[in-house]
There are 2 protein chains.
Amino acid sequence: MNIGDAAARTGLPPKTIRYYEEIGLIRPARGNSGYRDFSDADVHKLAFLGRARALGFSIEDCRTLLGLYEDESRSSADVKRLARSHLAQIEDKIAALQSMRATLSHLVDACAGDERPDCPILRDLAEG
Amino acid sequence: MNIGDAAARTGLPPKTIRYYEEIGLIRPARGNSGYRDFSDADVHKLAFLGRARALGFSIEDCRTLLGLYEDESRSSADVKRLARSHLAQIEDKIAALQSMRATLSHLVDACAGDERPDCPILRDLAEG
DNA sequence: CTTGACCTTCCAGCAACTGGAAGCCCTATC
DNA sequence: GATAGGGCTTCCAGTTGCTGGAAGGTCAAG
């Protein structure tokens, strides 16, 4: 099938699919015309990648996950280790964002938001 | 003062400070040697930028905030609007990450993490 | 006078795409 | 058979916010 159909089935934009081929995540066949010809297995891989990306895994993690998926002799420990490390990073990010949110929402609440120049937000940024 | 001192006082790397000059956030003077010569006001601005960046504001938001800070006739409403919009983005990101965390931690918990190939994480990525 | 730390500019690269240009392919319709 | 359109191709550039490194100028100490 053509790239447009593969895109429709996976929810990934054609540009992204081409990019995934460029960096070696997939290797779709080519027809006589030069058009990519996606097999069901290609589409399956793309969907796998889309879901892994949606869970926030990096491209390199996705490459590893795909390798593990295709390796019948993998151990689930390897998968779990990768997922746990990624989970830890997500938790770090959440913590950082929550800290920003706490500070910011205090500042926003303290700001009158009227026509006067006096502003606790700017004061905080200026003074620390 | 030289860039190294400005860096030490603001906690920003020299590279970052040069970058901020390049994109027009600051305009430090230059000595005869060609070295940048940072005034206290420059350092103050850099510290302001550092704190705004630490709260997750984009560079363009920082530019706007700095402009508002230096505009004596600003209205705090403009600052508050910007901060609130940024806060909303942070909350969206937190929600997205929490959703990832929920899915991932379930999967991680369900995975035995031993030497066998059977793995709920990969199964979920493969099947959806 | 040399050494070493500091400073300068410029170029390249990171992640993961996204947009756009120039041009080929395929099908349908007139 | 010509043409119009939509989809496909490649390639290049841009995004965000720096960061690393190379090649070379400057300055203070010994």
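Sequence lines set the chain letters: A, B, ... in the order given, protein chains first and strands last, and positions in each chain run from 1.
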Q) So what is the end-to-end bend of the helix from C:dC1-D:dG30 to C:dC30-D:dG1, with 5 pairs used at each end and the value given to 10 degrees? A)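 Comparing the first five pairs with the last five, the axes sit 30° apart.
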(Q) Using the side-chain heavy atoms of B:I59, tell me which of these nucleotides is nearest: D:dC18, D:dC8, C:dC7. (A)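 Selected nucleotide: D:dC18.
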Q) Any idea which of D:dT10, C:dT8, C:dC25 is nearest the A:S33 side chain? A)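 Of D:dT10, C:dT8, C:dC25, C:dC25 is nearest to the side chain of A:S33.
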Looking at [atom1] of [X] and [atom2] of [Y], how far apart are the two atoms once the value is rounded to the nearest 0.5 Å?
{"X": "A:Y20", "Y": "A:R63", "atom1": "OH", "atom2": "CZ", "result": "11.0 Å"}
{"X": "B:L66", "Y": "A:L125", "atom1": "CG", "atom2": "CG", "result": "9.5 Å"}
{"X": "A:I26", "Y": "A:I17", "atom1": "CD1", "atom2": "CD1", "result": "6.5 Å"}
{"X": "B:L104", "Y": "A:L55", "atom1": "CG", "atom2": "CG", "result": "5.0 Å"}

Q. Side-chain N or O of B:R63 less than 4.0 angstrom from OP1 or OP2 on D:dG17?
A.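 Looking at the OP1 and OP2 atoms of D:dG17, neither is under 4.0 Å from any side-chain N or O of B:R63.
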Q: Please state whether the phosphate of C:dT8, meaning OP1 or OP2, lies under 4.0 angstrom from any side-chain nitrogen or oxygen of B:R36.
A: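 Checking B:R36 against C:dT8: at least one side-chain N or O falls below 4.0 Å of OP1 or OP2.
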Nearest-Å distance for atom pair [atom1]/[atom2], residues [X] and [N]:
{"X": "A:E60", "N": "C:dC17", "atom1": "CD", "atom2": "C1'", "answer": "14 Å"}
{"X": "A:I23", "N": "C:dA16", "atom1": "CD1", "atom2": "P", "answer": "8 Å"}
{"X": "B:I26", "N": "D:dC18", "atom1": "CD1", "atom2": "P", "answer": "12 Å"}
{"X": "A:L49", "N": "C:dA15", "atom1": "CG", "atom2": "P", "answer": "16 Å"}
{"X": "B:F38", "N": "C:dT8", "atom1": "CZ", "atom2": "C1'", "answer": "12 Å"}
{"X": "B:N2", "N": "C:dT8", "atom1": "CG", "atom2": "P", "answer": "7 Å"}
{"X": "A:N32", "N": "C:dC24", "atom1": "CG", "atom2": "P", "answer": "18 Å"}
{"X": "B:I3", "N": "C:dT9", "atom1": "CD1", "atom2": "C1'", "answer": "12 Å"}

(Q) If you take any heavy atom closer than 4.0 Å to DNA chain C, which residues from residues 10-22 of chain B end up in contact? (A)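 Output list: B:K15, B:R18.
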Q | 5' priority, DNA chain D, between A:R30 and A:Y35 [closest heavy atom] | A |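 Closest to the 5' end, via its nearest nucleotide, is A:Y35.
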Q.
Just by distance, no angles: are the side chains of A:S75 and B:D114 close enough, under 3.5 Å, to form a donor-acceptor pair?
A.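 Looking only at side-chain atoms, B:D114 and A:S75 do not form any donor-acceptor pair under 3.5 Å.
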(Q) Between B:D42 and B:S39, is there a side-chain donor-acceptor contact under 3.5 Å, judged purely by atom types and distance? (A)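 There is such a pair (donor and acceptor under 3.5 Å, judged by atom type) between the side chains of B:S39 and B:D42.
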Q: Kindly indicate whether the side chain of B:F38, heavy atoms from C-beta on, has any atom under 4.5 Å from the side chain of B:D5.
A: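 The answer is no; the side chains never approach within 4.5 Å.
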Q) Which pairs count as side-chain hydrogen bond (donor to acceptor under 3.5 Å, both in side chains) when at least one residue sits in residues 81-104 of chain B, sequence neighbours excluded? A)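 Found B:D78-B:R81.
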Q: Taking all heavy atoms of A:L12 and all of A:A7, pick out the closest pair and write down the distance.
A: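 Scanning both residues completely, I find the closest heavy atoms to be O-CB, 3.1 Å.
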